[in-house]
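Chain letters run A, B, ... following the sequence lines, proteins first and then strands; every chain starts at 1.
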Amino acid sequence: MNVLRTLDWSPLLISLKTGVVATVICFFLGLFAARRVLKMGGRARAVIDGLLTLPMVLPPTVAGFFLLLIFSLRRPFGAFLYEQAGIKVVQTWLGCILAASVIAFPLMYRNARAAFEQVDVNLIYAGRTLGMSEPEIFWRVVVPTAGPGIASGTILTFARALGEYGATSMLAGNIAGKTGTISQKIATAISQNGDYLTAGIWVIIVMLIAFGIVVLMNLVTGGRNRRRW
Amino acid sequence: MIEAKIFKDYGSFRLDVEFSAGNEVLALLGGSGSGKSMTLRCIAGVETPDRGRIIVDGQVFFDSEKHINLTPQQRRVGILFQNYALFPTMTVLENIMTGVRTGRKREKWQAAEAALIRYQLEGLGDRYPAELSGGQQQRAALARILVGNPRILMLDEPFSALDSHLRDRMEREVMSLLKDYSGTTILVSHSRDEVYRMADSVAVYDRGQINAQGEKHQVFRNPGTYTAALLTGCKNFSRISGLTAENGVTRFHAEDWNLDLTIPGTHTGQVAAIRGHHIVSASPGDPNAFEMEITGAIEDIFEHVLLLRKPGATGAPIHWMIPKGSPEPLPQKTVTVSFPAESLMLLQP
C-alpha cells in the first residue's frame with residue numbers, strides 16, 4: 001500500500017487531459033471531414049477517405065516521423081512557428097495533444113461517416129424543401145439522428161487518444177509531470193527500472209478505464225442491439 | 001399551375017417527360033422504377049434534371065437554357081415523402097415548427113400550435129414521431145408541409161406505408177385537406193383505384209416516359225396504349241392480325257383469343273383489349289358473341305372471376321368478372337358471352 005501512497009499520479013492527469021482535449025478536437029474535425037467527404041463523388045472520395053484513414057492503419061511511429069518532420073525546431077516550419085509565434089510542439093504537452101489527435105482522428109471520422117451514411121436521405125431532402133438552411137439541417141437533423149453512432153465514435157476516439165504511445169513518445173517525449181502519459185510511464189517503468197509493481201498498477205488503471213469505456217459505449221449504442229440468437 | 005419538361009439521363013435509366021396541370025390533382029400512375037418519384041424530386045429541387053424547364057405558378061424553378069435553378073429552399077414546395085421523413089429526434093411540435101417559413105420563434109410556435117389543432121394532433125405536440133400511429137405520423141407530416149403554404153403539393157405514394165383499413169380513412173382525410181388547398185397537387189401512385197378516386201387528371205408512366213395523359217375518365221376509358229391499359233387495370237389483351245376497315249366497320253382476328261371481332265367505325269391498333277367487367281352474358285343476336293370453354297374459376301371477395309378460352313386459343317385465358325349478387329355462374333363447361341363493341345379497345349403496343 002506504500003507504493004500507492006508514494007505514487008506520482010501526474011501520468012493519469014496528463015493522459016486524461018490529453019484525451020479530453022484531443023477528443024474535442026477530433027469530434028469537430030471528424031464531423032466536418034465526414035460531411036465534406038460524403039458530399040464528394042467517386043474517385044475524389046476514395047482518395048481523400050484513404051488519406052484521412054491512414055493514421056489508423058499505419059504504425060504510430062510513422063505519424064511521429066511526419067509530425068517531427070513538420071514541427072521539429074530543426075525543421076523550417078517548426079522553427080518558424082517557434083520564432084514567430086513562440087509555439088513549441090516538440091517536448092511539450094501540445095505535442096501530446098497533437099500526436100493523440102492525429103492518431104485518434106480516423107476513429108472519429110470513420111464512425112461519423114458511417115453514422116451519417118445511415119441517415120435517411122429523405123430527412124435531408126425534407127429539411128431542404130421545408131426551407132431549412134444546410135448548416136441547420138446538419139446540426140439539427142443529421143447530427144442528432146446519427147447520435148448513437150457519433151457517440152460511440154467519440155468514446156472510441158477518447159479511448160484511443162488516452163492510450164496513445166508511439167507518436168507521443170517521438171513528438172512530446174516523456175517528461176515527468178509534463179508529457180509523461182500513462183502508456184509512457186508503463187514503458188519506462190519496466191525498460192529503465194524493471195519496476196513491475198509501478199507498471200502493473202498503471203496497467204490495472206488503464207484496463208479499468210478501457211473496460212469502463214467499452215461498457216459505456218455498449219450502453220450508449222445498446223438500444224438497438226436486440227438479442228439475435 | 002405547373003408546366004414541366006424534364007430530361008435526365010442516369011445511364012441505365014432515362015427520364016424524359018413533359019406535362020402540365022392546372023390547380024387540380026394530377027396523378028402520376030406507374031409501376032415502381034418508372035420515374036414518378038424522380039419527377040417529384042426534380043420539381044422539389046433535390047435532384048437536378050440534365051435539361052428542361054419547370055415553372056410553377058409563373059415562378060421559374062428550373063430552366064436549363066436560361067441557367068436558372070432555384071434551391072429547394074427557394075422553391076417553397078410541399079413534398080410528402082413515402083415514409084413521411086419526420087425528424088425522429090424532434091417532437092411533433094418542433095417538426096411542424098421547421099415547416100413555418102417566416103416569423104420569430106414565438107410566431108412559429110404559435111403557428112405550429114394552431115396546426116396541431118387543425119390537423120387533429122391536439123395533445124400530441126410533445127410526442128416523438130416514433131410514438132405516433134401511422135395515421136398520426138401522416139397528419140403530422142402534412143401539417144409540417146401545409147403550414148409553410150407551399151406553391152405546389154406533392155404526395156409520393158402517400159398511403160403505401162399504412163394498413164389497409166387506415167388507408168381508406170387517411171385517403172378521405174387527405175382528400176378533404178386537398179379541397180382546402182388551392183394550388184396544384186401531384187399524387188404519385190401505383191394504385192389505379194387510389195388514382196381514380198383522388199385525381200382529376202392522370203399521366204401514365206412507363207420506363208421514364210409518359211405513355212398516356214389526360215382527364216381521368218378519358219384515360220381510363222380509352223388508355224390508348226398497352227401499358228396504360230395494363231396500369232389502369234385491364235387484364236385481357238390479345239395481339240391482332242388481318243385488320244381491315246371497310247364500309248365503316250373494323251374487323252380483325254384476335255390471335256391470342258382465337259376470336260374474330262368487329263367494331264363499328266374505323267380504328268387502328270396492334271393490340272386488342274377488354275376489361276373483364278365489360279364482358280357480358282350473350283343474348284341472342286348480339287354481335288361478337290362466342291361460346292367459350294370455362295377453364296377455371298376464382299372466387300374473389302366481391303366478384304367471381306371465370307377464366308374463358310376459345311378452343312384453339314394460345315394466349316392467357318380471358319378473365320370475366322361477375323359481381324356477386326348478379327346471377328351466379330352455373331357449374332357448366334361452356335358459356336356464351338359477348339364482347340360489346342364499345343368496350344373493345346384497340347391499342348398501340
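- For A/Phe32, the CZ atom is loosely surrounded, since the number of other residues' heavy atoms within 6.0 Å does not exceed 12.
- Around atom CZ of A/Phe66, no more than 12 heavy atoms belonging to other residues, nucleotides or ligands sit under 6.0 Å away.
- Contact of A/Glu134 with chain B is made through backbone and side chain together, with heavy-atom distances under 4.5 Å.
- In this structure, the side chain to side chain contact (heavy atoms under 4.5 Å, CB included) partners of A/Leu12, at least two apart in sequence or on a different chain, are A/Trp9, A/Leu16, A/Ile182, A/Trp202, A/Ile205, A/Ile209.
- Distance check: B/Phe87 CZ to A/Thr145 OG1 gives 8.5 Å after rounding to the nearest 0.5 Å.
- A/Leu123 places a side-chain heavy atom less than 4.5 Å from the side chain of B/Pro88.
- Around CZ of A/Phe80, the count of heavy atoms belonging to other residues, nucleotides or ligands within 6.0 Å does not exceed 12.
- In this structure, A/Thr129 and B/Arg76 have side chains that are not in contact, with every pair of non-hydrogen atoms separated by 4.5 Å or more.
- The distance from the CE atom of B/Met90 to the CZ atom of A/Arg140 is 4.0 Å, given to the nearest 0.5 Å.
- With contacts defined as side-chain heavy-atom distances shorter than 4.5 Å, the pair B/Gln73/A/Met132 does not qualify.
- The number of heavy-atom neighbours closer than 6.0 Å to CZ of A/Arg45, taken from other residues, nucleotides and ligands shown, is above 12.
- Heavy atoms from other residues, nucleotides or ligands lying under 6.0 Å from CG of B/Asp126 number 12 at most.
- Shown here are the side chain to side chain contact (heavy atoms under 4.5 Å, CB included) partners of B/Lys66, two or more places apart in sequence or in another chain: B/Asp63, B/Ile68.
- Listed in order of number, the residues of residues 97-111 of chain B that approach chain A to under 4.5 Å between heavy atoms are B/Thr98, B/Gly99, B/Arg101.
- Within 6.0 Å of CZ on B/Arg207 lie no more than 12 heavy atoms contributed by other residues, nucleotides or ligands.
- Contact annotation for B/Leu86: only backbone heavy atoms (N, CA, C, O) come within less than 4.5 Å of a heavy atom of chain A.
- With a 4.5 angstrom heavy-atom cutoff, A/Asp120 touches chain B only via side-chain atoms.
- Residue with the most contacts toward chain B among A/Val141, A/Ile124, A/Asn122: A/Asn122 (heavy-atom pairs, distance under 4.5 Å).
- Along residues 33-50 of chain B, the residues that come nearer than 4.5 angstrom to chain A, judged on non-hydrogen atoms, are B/Arg41, B/Ala44, B/Val46 in order of number.
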